[in-house]
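What follows is one structure encoded as structure tokens, with my remarks underneath.
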Amino acid sequence: MSQSASVPATPATPATPATPATRPDSASAAAAAESTANSTVAWTADEMMSIAAARALRGGMSCFVGIGLPSTAANLARRTHAPDLVLIYESGCLGAKPDRLPLSIGDGVLAETADAVVSVPEVFNYWLQPGRIDVGFLGAAQLDRFGNINTTVIGSDYADPAVRLPGAGGAPEIATSCREVFVVVRQSRRTFVEQVDFVTSVGHGRGPGDRARLGLPGAGPVLVITDLGVFRPDPDTRELTLTELHPGVELDQVRAATGWELAVAADLARTPAPTDQELIALRALTKAGS
Amino acid sequence: MSQSASVPATPATPATPATPATRPDSASAAAAAESTANSTVAWTADEMMSIAAARALRGGMSCFVGIGLPSTAANLARRTHAPDLVLIYESGCLGAKPDRLPLSIGDGVLAETADAVVSVPEVFNYWLQPGRIDVGFLGAAQLDRFGNINTTVIGSDYADPAVRLPGAGGAPEIATSCREVFVVVRQSRRTFVEQVDFVTSVGHGRGPGDRARLGLPGAGPVLVITDLGVFRPDPDTRELTLTELHPGVELDQVRAATGWELAVAADLARTPAPTDQELIALRALTKAGS
Amino acid sequence: MAEIVSLPDAVADLVHDGDVVALEGFTHLIPVAAGQEIIRQRRRDLTLVRMTPDIVYDQMIGAGCARKLIFSWGGNPGVGSLHRFRDAVQHAWPVPLELEEHSHAGMANRYVAGASGLPFAVLRGYRGTDLPAHTATIKPITCPFTGEQLVAVPALNPDVTIVHAQRADRAGNVQMWGITGVQKEAVLAARRSLVTVEEVVAELEPRPGAVVLPTWAVTRVAEVPRGAHPSYAQDYYERDNDYYQAWDPISRDRDAFTRWLDEHVFAGAASPQPAVSAGGGPGASTPTNAGSTS
Amino acid sequence: MAEIVSLPDAVADLVHDGDVVALEGFTHLIPVAAGQEIIRQRRRDLTLVRMTPDIVYDQMIGAGCARKLIFSWGGNPGVGSLHRFRDAVQHAWPVPLELEEHSHAGMANRYVAGASGLPFAVLRGYRGTDLPAHTATIKPITCPFTGEQLVAVPALNPDVTIVHAQRADRAGNVQMWGITGVQKEAVLAARRSLVTVEEVVAELEPRPGAVVLPTWAVTRVAEVPRGAHPSYAQDYYERDNDYYQAWDPISRDRDAFTRWLDEHVFAGAASPQPAVSAGGGPGASTPTNAGSTS
């Protein structure tokens, strides 16, 4: 099942399928599917995205995990370079160590393997809100140039939306309280928009100083990983700036999939291609979870 | 150990010894110790007090239990006429069924026999505050004519007290939130005072309408049991009024042990003397607990 | 003390037209059978409350039980959207659905306030989002000590809360374990409560991670084996992922949905849990090939 | 991640003169050995926080560690008063002791606010009592939805919280069970935390009623067998009621107390837990005949 506006992705709660699929409709798929020096097998743009997202997580970090793409990335990191990554799910599972990819944020395997299972009020009040969690890992239906996230409605009229999306879930406070936020999202002009129709979760507001003015304690989105590349907020403008291109992706492809005039880092890098080890781990994970 | 100003009783948390002792210094002891038609053995004023207090509790009630005299009475009720009395301790034990008298509000036997053990914040916030508990059973170092309780300081200057007492513990909110409050206290001019030096826990304030004005949801002290008799607030004046004399106690003894001009109910009754069954159960309980 | 009764009797006693009704259960232990019993008893004008309205609320909304939804995330977990919910919001079918929309943190705290007998809760939430502009039940509040501005949300005190648990004893004490979500708070916040359970047992053995609701905090208990299907009951049965997939095409189409309702909810009025088949899907005639739904 | 160290090292690292220090444990699991180590390291000007200051705080106050006490009930449970506490309040011996006095509900909610990263908590408390007149940290607050007036109390965020638990694993994950009081909130509210444990084990087996604090929420763990004596550690040892009785005459007399301090706390500086005798009393030379204390 591919993602579409009528089956939207959502943060911190399930909506996108847990299994990354090939994306034949994507301009990047053909490029990404080519094999590189790192890997001996072909891989898809979605696989590159999950692997790039996983690499951003470091051992010992605590990570508040949204389902779908974020969960795939976080579980992949725990299977590869970050075995002591602490996974936290909004269902109350602290330190979950699932042996297969969970299909929801409340799968039994999360509770069975967690260091502690606490109530939902407790996970938000005692664990998220005080800023104990290093990284909040979110998805998005729309993401704008300042990293604001929409998972509520498509269209300008809340009362009469073009598309009613699932809503906020845990995302607004994850985006507020985690020390940093990573976002993982499939990129297109539909998802990468100049300004979101509805601010469900605040990124960098309308620019520099907005998070401080709003009293948001965390640093906000410091990293956005898509199937085309990696974006980071410009230190001065806070605008999402392309800092890495995935292997085989051309800059024009990224521009074509971005709904605003794309800023590109002076030292634009190439994401290292997936290694065989990463691909094997990812495929084992998504196969077990499906 | 007898109760004295320097070793004060406290509500809802331990301070008085759990074991009722004979009280040779009391004017009522000799009278109360005489045997009556109900019992074939002699009993003490303290035993009469605990038994009268236990009788006030009914099966199926939930009772927030202070340690010491209230705990003795509540556990006695559970052993005699009210086996399904639900005992709640501020340590977080809901539905404790101790097989011996606990020495503190946090004895292991309370946790081991409870239906549920919850955190201290939870017992106050989820269980006490919303008014779920039928009866709050409190002790007092001082009690005044309107049933207000002091367990904080003796003397008019808080900053330089004549005697520093243990403080509030759980009592202020027990007195506020339980549907009804029972108080059990050894009676003397030291404990039964015209006006408490410090209002730790509100009874009926300074008279009619005060609880409503303060927005206190529960009915407040509806029953005070001492070693001399039983008191209830007058429906009009809210002043504690003697409604029962314990067997063998004379009205003058009660007046002598009351720090204000005592009101006596028109239909003053005699407390039925302890039955053998009650005495046997009480002594088994206090012996096991000592 | 909780009375142990049948599910139809419990719903008939406790759930009235126009009530504020919360069915809670966070992925795990969702009281689906009770929700379908509410449909079967044709309740109307309910204000439905739930952090994560999913299939059972899609069914209740599609059946016309609800006039309002108070929620924080509405979707078919792992699959996509709730199409009956979207049809109600976007096209007022079968009746208009008013929304009161919060975040999870806000909803959880609203239940906490409700359970605590407080009129409101305070959190560090919603800041900078567009939610306060559309939700009247989000207001600023100032700390009287630091002057910091935070957010207040009002208590949720449903007329009835319904949850599902693994066990109750014969006295009506309830025990649940695994992910227990916001169920304790939702029950304690409500005026009346119903707990459906997998089984009534002689004695509740203590278990790691178990939450116990004493009988005097619950109004009714009903034994409903598989009452959480297609969600799961830890140590009883697994989540029926095929059901969630198969729900998508049924719910996309008004006629298919109406047929499903007739065949799998209303037709079963005589039998106790008709819509809760042991098999993998909302109904035997439903294709469960998830691949066909994309 | 929590570091596993010795008790003296943990106290030396975490507890500084002038700190706000909370030792929590509600009757059960009171971190007495850690309190005595603070005395031994001669910390001064501490603001001590504890819902139920009892013997260990009487000892710390008598030893001159504290300039202020934030509390809700101070007594020797089942015995009577804390005489060192009273001597400090009534006669400023050995140093004056400032009081900040609350109810249990207020203190518990202050820790909850602290653990939640909020500046204050709201409760339905203190109404009509004389406490607000003497305690600056109790203020009115108005519900923005109903207009009802309630009470706010500020968050407690100790510099250090110390609790005792039954077990930790080698990674520093902590497990406690039985009555767990306000310990989770007190640890999560603190900037730094120390958990003394009965034993460090290879693996924490799940247990009914257990609270687990993940290692990343704790600063230091120290293995201190019988570290809660004379309170108890469920499934390890019982409460030493004789100790509580015997404390009464020692604490009533400044000289007797000073002698006890020299002999049973300071003299033991070389050995790890000198004041925690296996026997029944604060010291071998102490009469434990409770009858003599009345």
Side-chain angles (χ1 to χ4, degrees), chain B residues 1-2 6-8 10 12-18 67-68 90-93 103-108 110-112 117 119-121 123-125 128-129 148 151-152 158-173 176-177 198-202 205 210-211 214-217, chain D residues 26-28 51-52 71-82 85-86 89-90 99 101-109 111-112 123-131 133-134 148-149 177-185 209 211 231-232 234-235 238-239 241 244 248 290-291 293-294:
Chain B
M1 187 179 60
S2 65
S6 63
V7 187
T10 58
T13 353
T16 48
I67 207 63
E90 65 190 16
S91 54
C93 299
L103 290 171
S104 77
I105 43 73
D107 277 23
L110 300 176
E112 286 159 9
V117 181
S119 74
V120 164
V123 79
F124 283 105
N125 289 348
L128 177 63
Q129 185 167 261
N148 303 298
T151 56
T152 304
Y158 172 80
D160 185 18
V163 184
R164 173 66 231 191
L165 302 170
E173 287 77 21
T176 295
S177 299
F198 189 101
V199 179
T200 312
S201 305
V202 181
D210 263 18
R211 284 190 71 91
L214 290 166
L216 304 180
Chain D
F26 207 85
T27 306
H28 181 213
M51 291 183 65
T52 52
F71 78 113
S72 41
W73 189 88
N76 182 344
V79 179
S81 290
L82 297 178
F85 161 64
R86 285 175 58 165
V89 173
Q90 296 175 220
L99 297 184
E101 187 162 5
H102 280 267
S103 68
H104 278 355
M107 285 291 285
N109 278 293
Y111 280 123
V112 168
L123 69 155
R124 214 180 271 287
Y126 302 102
R127 286 181 185 172
T129 77
D130 286 338
L131 282 162
H134 299 283
E148 185 185 356
Q149 189 172 298
W177 61 87
I179 291 168
T180 55
V182 75
Q183 282 101 302
K184 179 189 275 191
E185 288 78 10
V211 165
S231 79
Y232 71 105
Q234 193 147 334
D235 298 319
E238 301 271 312
R239 191 167 186 267
N241 293 311
Y244 285 83
D248 193 77
T293 66
S294 64

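Residue numbering restarts at 1 for every chain, and letters A, B, ... go by the order of the sequence lines.
Of the listed residues (B:S91, B:G92, B:A111, B:S119), the one with the most heavy-atom contacts under 4.5 Å to chain D is B:S91. Note on D:V89, D:L99, D:T129: by heavy-atom pairs under 4.5 Å with chain B, the leading option is D:T129. Per-residue counts of heavy-atom pairs under 4.5 Å with chain B were compared for D:N109, D:T180, D:V112; the largest is that of D:N109. When B:P172, B:P121, B:G215 are compared by the number of non-hydrogen pairs under 4.5 Å with chain D, B:P121 comes out ahead. The most heavy-atom pairs under 4.5 Å with chain B, out of D:L82, D:V182, D:D235, come from D:V182. Comparing D:E185, D:H28, D:M51, D:E101 by heavy-atom pairs within less than 4.5 Å of chain B, the highest count is held by D:E101.
Inspection of the D:R239 and D:S231 side chains reveals no N or O donor paired with an N or O acceptor under 3.5 Å. Side-chain contact annotation: B:E173 with D:S103, donor-acceptor N/O pair under 3.5 Å present. Checked by atom type, the side-chain pair D:S72/D:H102 shows no donor-acceptor distance below 3.5 Å.
Only the side chain of D:F85 comes within contact range of chain B, judged by heavy atoms closer than 4.5 Å. At a 4.5 Å heavy-atom cutoff, the contact between B:N125 and chain D is made by side-chain atoms alone.
Under the ring pair (Phe, Tyr, Trp, His ring centres under 6.0 Å) criterion, B:F198 pairs with B:Y158, D:H134, not counting sequence neighbours. Remark: B:D160 pairs with no residue by the salt bridge (charged side-chain N to carboxylate O under 4.0 Å, His left out) rule, at least two apart or across chains.
A distance below 6.0 Å separates the ring centres of D:F26 and D:H104.
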